[in-house]
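Below: one structure, written as structure tokens.
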There are 2 protein chains.
Amino acid sequence: MFEAFRQYTSQFITLSVSEQQGFENIFACRQVPAKTKLTREGQTANELFFINKGLVRLYYTKEEKEYTGFIFREHLFASSYESFLQQTSSIQTLETIEDCELLVCQHQQLQQLYDKIPALHILARKVAEQRFMSAQMIISSFVLDSPEERYLYFLRHHGDLLLRVPHHIIASYLGISPVSLSRIRKRQIK
Amino acid sequence: MFEAFRQYTSQFITLSVSEQQGFENIFACRQVPAKTKLTREGQTANELFFINKGLVRLYYTKEEKEYTGFIFREHLFASSYESFLQQTSSIQTLETIEDCELLVCQHQQLQQLYDKIPALHILARKVAEQRFMSAQMIISSFVLDSPEERYLYFLRHHGDLLLRVPHHIIASYLGISPVSLSRIRKRQIK
DNA sequence: GCCTGTCATTAACAATTGTAAAGAAAACAT
DNA sequence: ATGTTTTCTTTACAATTGTTAATGACAGGC
């Protein structure tokens with residue numbers, strides 16, 4: 001249940017057995033079907049998720065349409081980050097793409113644990129740093145690369161997701177229309 | 001000298017007088033003319049900057065051309081973040097846009113101070129979280145908005161920079177060509 | 001089995017953008 | 001003051017993208 005969780009956190013910090021125990025205790029396991037909303041736009045995200053199995057996407061809503069901002073894979077923390085951190089109303093929705101197994105933790109419990117396990121500050125810092133670096137790479141690809149290049153990069157690094165995620169979701173993640181993605185894919189085959 | 005620095009850090013943590021003293025001690029003040037490279041592509045960034053005065057931009061190089069990834073304003077930490085954090089070779093260059101007054105700190109000294117002042121972990125975490133949220137807003141604007149909408153957003157929030165930063169730099173920050181920016185601006189006047 | 005909803009592709013047209021090149025204006029240095 | 005560099009705009013053309021709509025494939029629910 002916590003194998004992947006332990007492996008992920010141990011990249012960043014080492015906890016004593018009792019600390020690790022206390023940390024894992026605030027997470028509950030939850031099985032969730034595909035297309036379930038985990039966090040809703042307009043509400044405060046008070047849960048943090050670690051994905052044991054499945055895929056989750058984060059999207060924005062604008063004029064009735066959904067725009068995917070990120071796709072979370074297995075063995076990553078997923079959340080509407082700023083809403084969770086600042087406990088403010090979220091402008092993003094978190095929704096499962098596949099059936100998922102999630103480890104779920106409440107904001108308040110995590111907050112209380114920071115005092116008991118100071119090393120969690122380091123973990124939180126490293127996770128935030130990692131997410132920032134990942135976000136920066138995405139920004140650089142928008143600034144540096146054409147839609148076609150962004151698709152090729154996605155193909156190389158997350159090619160397996162092409163079989164697991166509807167293409168219109170990938171298209172909006174790449175910042176283009178589904179039609180354009182289809183055209184780019186057609187060009188590549190030749 | 002450290003007024004803005006104190007104000008910025010006090011948003012996140014409160015240090016004792018001696019801690020604050022020790023923290024500020026690892027920063028040196030440096031006056032730098034415009035168009036000075038602070039961090040070079042291919043080298044490891046071992047300095048972190050706090051901008052007292054002036055503007056700094058971060059850019060990538062691709063096929064002899066420069067693509068701006070971020071523009072740092074006064075009273076912000078600026079750095080080639082991942083290179084500084086991981087002490088790896090950087091793919092980005094940091095360069096002043098205007099004459100700048102900077103507070104400069106070495107990676108090693110900061111690293112040593114983490115042990116003496118554990119609250120710095122919290123500060124580093126909050127700074128990373130803030131930068132991540134800022135990065136996420138930029139990503140969402142690439143996914144949600146047209147180049148024209150991105151320009152209008154930039155105008156509303158950083159309109160003063162239009163007078164301080166060459167437009168071709170702003171254009172590449174917005175992910176478009178200078179020609180396209182000029183066309184968008186022309187449309188807006190009417 | 002059938003129906004419905006979801007999804008991917010294609011076509012046609014309009015709109016936008018990128019590229020290359022040229023010119024004018026402003027800033028800078030000598 | 002002069003010449004050089006930098007910056008911004010404009011033009012013309014090619015390429016790409018967005019939009020709308022139609023089609024066919026596919027899976028899930030009843």
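By convention in this document, chain letters (A, B, ...) are assigned in the order of the sequence lines, proteins followed by strands, and residues within each chain are numbered from 1.
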Would you say D/dT19 has OP1 or OP2 under 4.0 Å from some side-chain N or O of A/Arg183?
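Answer no for this pair, as no side-chain N or O of A/Arg183 is under 4.0 Å from OP1 or OP2.
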Side-chain N,O (B/Arg187) to OP1/OP2 (C/dT17) below 4.0 Å:
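Yes, such a contact exists.
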Could you check whether [X] pairs with [Y] (Lys NZ or Arg NE/NH1/NH2 to Asp/Glu carboxylate O, under 4.0 Å)?
X: A/Glu3; Y: A/Lys53; result: no
X: B/Lys35; Y: B/Asp99; result: no
X: A/Arg185; Y: A/Glu148; result: no

What contact category does [X] fall into here, base, sugar-phosphate, or nothing, at under 4.0 angstrom with non-hydrogen atoms?
X: A/Ser182; result: base
X: A/Ile176; result: sugar-phosphate
X: B/Ser177; result: base

Please tell me which of A/Val179 and B/His168 maps to the more 5' nucleotide of DNA chain D, matching each residue to the nucleotide holding its nearest heavy atom.
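Comparing both residues, the 5'-ward one is B/His168.
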Spacing of [X] atom [atom1] relative to [N] atom [atom2], expressed in whole Å:
X: B/Leu163; N: C/dA27; atom1: CG; atom2: C1'; value: 15 Å
X: A/Phe142; N: D/dT17; atom1: CZ; atom2: P; value: 13 Å
X: B/Lys35; N: D/dT7; atom1: NZ; atom2: P; value: 5 Å
X: A/Tyr151; N: D/dT17; atom1: OH; atom2: C1'; value: 17 Å

Sub-4.5 Å side-chain heavy-atom contact between A/Arg183 and A/Val179
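Yes; the side chains approach each other to less than 4.5 Å.
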Minimum-distance nucleotide (side-chain atoms of B/Lys186 versus C/dA11, D/dT11, C/dT16)
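Out of C/dA11, D/dT11, C/dT16, the nucleotide with an atom closest to B/Lys186's side chain is D/dT11.
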Per A/His167 side chain, nearest of listed nucleotides D/dT17, C/dT9, D/dT7
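Of D/dT17, C/dT9, D/dT7, C/dT9 is nearest to the side chain of A/His167.
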